[in-house]
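Reminder, nothing fancy here: chain letters follow the sequence lines and each chain counts from 1. Small disclaimer: the values here were computed from a predicted structure and weren't measured.
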Amino acid sequence: MPAKKHSWSGNTDRVDYGILLSILILAIFSIMSIYVATVHDTSPTSTPLRAVVMQLAWYAIGGIAVIIIMQFDVAQLWKIAPYAYGLGIILLVLVLFKYDRQRAIANGAKSWFAIGSFTFQPSEVMKPAFIIMLGRVVTQHNAKLEHTIRNDFILLGKMLIWTLPVLVLLKLQNDFGTMLVFLAIFSGVVLVSGISWKILAPAIIGVALIGGLAILLVTTSWGRSLLGLVGFHAYQFDRINNWLNPSQDTSNSGYQLWQSMKAIGSGRMTGRGFNVSKVYVPVRESDMIFSVIGENFGFIGGCFLILVYFMLIYQMIKVTFDTKNEFYAYVSTGVIMMILFHVFENIGMSIGLLPLTGIPLPFVSQGGSALLGNMIGIGLIMSMRYHYNSYMYSRVNHR
Amino acid sequence: MIRRRQKTKTQKSPLRFRLNLLFFIAFLLLAILVAQLGYLQIVYGNKFESQIEQTDKTVVTGNVPRGMVYDAQGRTLVGNSSENAITYTKSINVKSNEMLATAEKLTKYLTVPSTILQQQDIVDYFLADNNYYKKVVAKLPKSQKYDSEGNDLSASKVYKNVSQYVAKHRDLTLTTEQKEVATLYKKMSGAFQLSTVYLKDDGVTEDEIAQVGEHLSELPGVGVGTNWTRNYPSGSILTSILGTVTTEKQGLPADSLTSMLKTGYSRNDRVGNSYLEKEYESILRGTKSQTQVTVNNDNQVLSEVTQYAGSKGGNLNLTIDSKYQTAVENALKSQFAAAKEAGYTGYSDGAYAIAMDPKTGAIKAMAGIRNDPETNKVTDDALGNINRTFVMGSIVKPATVLGAFMDGVITPDDNTLPDDAIYLPASPIKKSWYPAGTFKTMTAQRALAISSNTYMMHLAMLESNAKYTPNKYIKMNDNIFEKLRDQYQRFGLGYKTGIDLPGEIDGYLGSTTNEYNAIKYGSALDESYGNYDAYTLIQVAQYASTVANGGYRMQPYIVDSIQKTTKSGEKGAVIYQHTPEILNRVDFTNAQLKVVKQGMYDAVNGNDPFMTASALRGMAQKVAAKTGTAQSFYYDQNNPDNTNPPATITHSFIGYAPANDPKVVVAVVMPNFTSDSKSTYSLALAKTMFQDYFKMEGTN
């Protein structure tokens, strides 16, 4: 069967230039935003030049990672999945003992290694490892067994077995945000894995009900007094209060959110222009980077960025359809969920839609390990297209 | 039962559907983001924008050099020396770690003088590091962070708990570099918002100025300026009169903090807190510079516009000639030292002297030393002239005689009275210093020249229609005290003179009745020759001037004029010129005054062997004078119940010269010398004061 037209740009090449273009645009956003953020914030340890050079360097490392991952065909990915997963778990365990004390004090999460000024977050690279492992588990299961209610429960059980250790380790690291990312990946793969609606529908309704009840409990005074009876403390509702009334208490974490909303809101339709900052937003070079984009480029810029993410996801779905490989489908679902969740949660919290969590904006926020993790994800997707032709002729090679 | 899966075409379509569903979810979530973004940026955009564009304008004031104080000849008594300084103006809501970062950077360009850091200062310095603060907070037990309800404790309470924790658990020794940073941080954090403090104002080198100046952009709030300190080019004269200025650290005096803040002072302003500096604070302080600072919603400074450059404080020109003042101070000290050498000062309170222009009330010199009988230590106390009272003795006699004239109990033509001593029952004999019976009768003129106590007592008895039988009985009109005190008051004795210095006191008027509520007739007789009520020396000088100038009670003053300061720092326009002020006129006649003045002239220049002030005889400018001695007892604080305390003598003096046209009045008191002392020292001091005065005037 001859190769069809695959990509956004209409290229028939093995390299997916559509995805590359999206990443390139995001990289430009990243460099500009980090530059603006660091120019306006006097930091004792970093200068704008240093920040920009560091980010470029991480992009280069990420690019190398993409090229390396692209060399792996589906069979090799299949084989290395357990090893990658195992290595990730080891790192996650190790970090519990060797975490960076400074950072743990600053934000409470014990999820960073530090060697000198170089810091690394193993959970970021655990994400792609987890994705291919989960893909392998589902594919393996579906290859052997038909979808019955019983088998689907078994599949769900298998997936949970591989997910729970990660969640427990992240809980121990006190990294709630990253835990949510893994849950999102898990949910995405569950949805696509073919589990019957008879299981999914009640589960979704159940989660929705619990979620709705939880929101009701934490947002109403009677709900809170009820929670108070079972041992919750008033201070635990601070974050919720900030989210509900960003302008009310602007002293601590509420300050960050309100500053972010002011910055983004004041960008209006077209933004204030490049390198203009009238509102100080804490940590805007990393988690709050969208406030820079919102302030400088306005609604048009913000929408364009969201559109780029949308196009990136579209490309990835398209690759999945084009390659028609079940394992690949789960892997891309995982990568899509990872990126989608990051984007939704990060931008959502910057604009007051969701409560604050420490989650970076993929490809844009400052930070090497997150970028590396995302680039590995991109590498996985690109390897699909790269090996598509050879795969087309040798599908039987893989089980 | 597990069924093996069969690969069929239909198995593929649910996957395809679910991928499409996934894609749709992605679309939906991103669409929600776009919707909220639009809500924020398009619907509410202008609201956010206007909130950010909102600015606050605040006026920041800057210090100007204080006005100077000059003597009568234009010599500088109090000046300013200005020095380079590194300043810090605290912005609004500046965070502690930002200040710490600034302090750390600043130590690279500046050597910071070491200061004593309290434990809390060091703890504050450690806690300025936000990360460290959070780390310690994390270590605190819950009870020190939340109340029993689980609500957050107030930030200040948590900080207190954190401080205690750090003080207990951390080694508080600092390296030299840390000490420097901590010192700067302490000054910065201690400043009030939008007020300027000096980070270093002593020994700032040109190199440091250049270094800091070059890096100002990375040192928010830091500036390069000048600081001034008070200096005293004429030496330590008059120090107690000139007063002092608070340091920046002391700031406004606590007792007048609220009122001063209302009148535009900053808490750390340096203000006069005693005497001339305080009395003329409103003149000396000048007008602060005003800079309008515009800050945006984020408290970033947008602009600083100088609205008013400020003007240096006004200058005081004193009536005192610093050279003459120095001479008087030296004479006072040497006479007292001589008396001390002779062993007369064991119980002494010190010595005080005033030279005053009787025609205007201008103070020409005002010197005083306080002696502590306990330790025999001598300190400068020019102010004792206005805030210490002494029983002065016979110097009041001219007032007693003039009072009797004005009441008509004697006349210039008929004033001869018997000079018998007074014998009251159960009381020592009341007599003059010379042996009783030396003179049968006495005239007013002679009574002043030889200082007759008995004459004064007979005047008092005449004034009060006294019925008197020696050793048996005396009865006077009940108003005798009022009568005498009223006479003295018209000359200025007993009440504030109105001198332009803060802290002046009234005289001390003794009780008029005894424990049985009977008028103390004996004390009234003592009052008539100055041995009962106590006066300040400035009151005595005012009284002497009133006699000398023919009855005009002049308000004494020390500030002759006030001049503005020009922009170039020179003395500018005169904004105040003292005009001599007559407080009241004592309406004796010239004939009456002539008798008194002749008596005072005779006291110095007469031929009688009993003349009391002959030590001042023979000077080019003829002096008229009245001496005084008052007897008292030494009151020992450590032995208050002593039934037999040592007797003391207060030596006093008033005089004026030239006798026919008085240009200067001298008043001296040397209180509580030992009872065997003579008036040698007070007379010698008075003589020197007259001589030096006319030497200064060039008329001797």
Side-chain angles (χ1 to χ4, degrees), chain A residues 42 44 102 105-106 108 142-148 150-151 154 188 191-194 228 232-236 238 259 261-269 278-280 294 298-299 302-303 306-307 309-310 313-314 317 320-321 324 326 329 332-333 336-337 340 343-344 347-348 351-353, chain B residues 1-7 11-12 14-16 18-23 25-27 29-53 98 101 104-105 130-132 134-135 138 145-146 149-152 155 218 220 296-300:
Chain A
T42 45
Q102 286 289 316
I105 291 154
N142 285 349
K144 284 184 196 153
L145 301 170
E146 272 205 332
H147 279 292
T148 63
R150 186 192 158 89
N151 286 351
I154 291 169
L191 176 71
V192 181
S193 68
F232 282 88
H233 290 295
Y235 65 89
Q236 291 172 314
D238 282 355
Q259 290 298 94
M261 287 176 73
K262 276 198 297 190
I264 295 168
S266 67
R268 305 185 71 177
M269 182 60 89
K278 299 230 170 181
V279 186
Y280 169 73
F299 182 68
C303 284
I306 293 169
L307 182 71
Y309 282 118
F310 182 70
I313 290 167
Y314 171 77
I317 295 266
T320 317
F321 282 137
K324 291 194 180 73
E326 196 184 344
S332 9
T333 300
I336 288 167
M337 282 311 287
L340 178 65
V343 171
F344 185 65
I347 298 181
I351 58 182
L353 196 63
Chain B
M1 156 160 189
I2 296 167
R3 278 194 286 167
R4 284 206 62 87
R5 183 182 176 180
Q6 297 172 343
K7 275 193 179 176
Q11 294 302 119
K12 285 286 169 197
L15 180 59
R16 201 176 176 85
R18 291 194 181 187
L19 279 172
N20 277 326
L21 184 64
L22 184 74
F23 185 55
I25 291 170
F27 171 77
L29 292 180
L30 296 182
I32 291 170
L33 288 183
V34 170
Q36 167 76 2
L37 198 58
Y39 178 70
L40 212 61
Q41 293 188 305
I42 296 168
V43 180
Y44 277 104
N46 56 353
K47 228 175 128 186
F48 281 116
E49 190 172 17
S50 61
Q51 200 189 355
I52 287 157
E53 297 301 332
E98 292 165 9
E104 275 168 354
K105 273 186 220 155
N130 249 340
N131 290 341
Y132 179 67
K134 282 183 189 158
K135 192 164 136 189
K145 287 185 276 190
Y146 312 113
E149 303 278 300
N151 294 312
D152 292 359
E218 58 189 73
N296 68 6
N297 188 255
D298 247 16
N299 293 320
Q300 294 166 319

J.: Most heavy-atom pairs under 4.5 angstrom with chain B, which of Ser266(A), Ser332(A), Gly302(A), Gly267(A)?
T.: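 Among Ser266(A), Ser332(A), Gly302(A), Gly267(A), the one with the most close pairs to chain B is Ser266(A).
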J.: Nearest 0.5 Å, please: how far is CD in Gln36(B) from CD1 in Ile347(A)?
T.: 11.5 Å
J.: So that I know where these two stand, are Tyr314(A) and Tyr309(A) an aromatic pair - ring centroids less than 6.0 Å apart?
T.: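 That pair fails the under 6.0 Å test.
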J.: For Met261(A), is it the side chain, the backbone, both, or neither that has a heavy atom closer than 4.5 Å to a heavy atom of chain B?
T.: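 The answer is both parts of Met261(A).
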J.: Could you tell me which portion of Ala26(B) (side chain, backbone, both or neither) has an atom closer than 4.5 angstrom to a non-hydrogen atom of chain A?
T.: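 Backbone plus side chain of Ala26(B), per the 4.5 Å heavy-atom cut-off to chain A.
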J.: Given the options Gly194(A), Ser193(A), Cys303(A), which has more heavy-atom pairs under 4.5 Å with chain B than any of the others?
T.: Gly194(A)
J.: Looking at Gly188(A), Gly298(A), Ala329(A), which one has more heavy-atom pairs under 4.5 Å with chain B than the rest?
T.: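 Ranked by contacts with chain B, first place is Gly298(A).
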J.: If you count heavy-atom pairs under 4.5 Å with chain A, which of Ser50(B), Gly38(B), Ala31(B) comes out on top?
T.: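 Among Ser50(B), Gly38(B), Ala31(B), the one with the most close pairs to chain A is Gly38(B).
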J.: With a 4.5 angstrom heavy-atom cut-off, is it the side chain or the backbone of Tyr39(B) that approaches chain A, or both, or neither?
T.: neither
J.: Please answer whether the main-chain N or O of Tyr280(A) pairs with a side-chain N or O of Gln259(A) as donor and acceptor at a distance below 3.5 Å.
T.: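 Looks like yes, one N/O pair under 3.5 Å.
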J.: Leu37(B), Val34(B), Val43(B): which one forms the most heavy-atom pairs within less than 4.5 Å of chain A?
T.: Leu37(B)
J.: Could you tell me which portion of Ile317(A) (side chain, backbone, both or neither) has an atom closer than 4.5 angstrom to a non-hydrogen atom of chain B?
T.: side chain
J.: Is chain A contacted by the side chain of Ile42(B), its backbone, both, or neither, given a heavy-atom distance below 4.5 Å?
T.: side chain
J.: Looking at Gln51(B) and Lys262(A), would you say the former's side chain and the latter's main chain have a donor-acceptor pair under 3.5 Å?
T.: no
J.: Give the member of Ile313(A), Val343(A), Thr320(A), Leu340(A) that has the highest number of heavy-atom pairs under 4.5 Å with chain B.
T.: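 Maximum pair count with chain B is reached by Leu340(A).
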J.: Between Leu15(B) and Glu326(A), what is the shortest heavy-atom contact and its length?
T.: CD2-CG, 4.2 Å
J.: Ignoring hydrogens and angles, tell me if any N or O in the side chain of Asn151(A) forms a donor-acceptor pair with the backbone of Leu145(A) under 3.5 Å.
T.: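 Side chain of Asn151(A) to backbone of Leu145(A), a donor-acceptor pair under 3.5 Å: no, none is there.
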J.: Do you know which two heavy atoms are closest between Leu191(A) and Arg18(B), and how far apart they sit?
T.: O-CD, 2.7 Å
J.: So which part of Ile336(A) gets closer than 4.5 Å to some heavy atom of chain B, the side chain, the backbone, both or neither?
T.: side chain
J.: Taking the six-membered ring of Phe321(A), is NZ or CZ of Arg16(B) closer than 6.0 Å to its centre and within 45° of its axis?
T.: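 Pair Arg16(B)/Phe321(A) counts as cation-pi.
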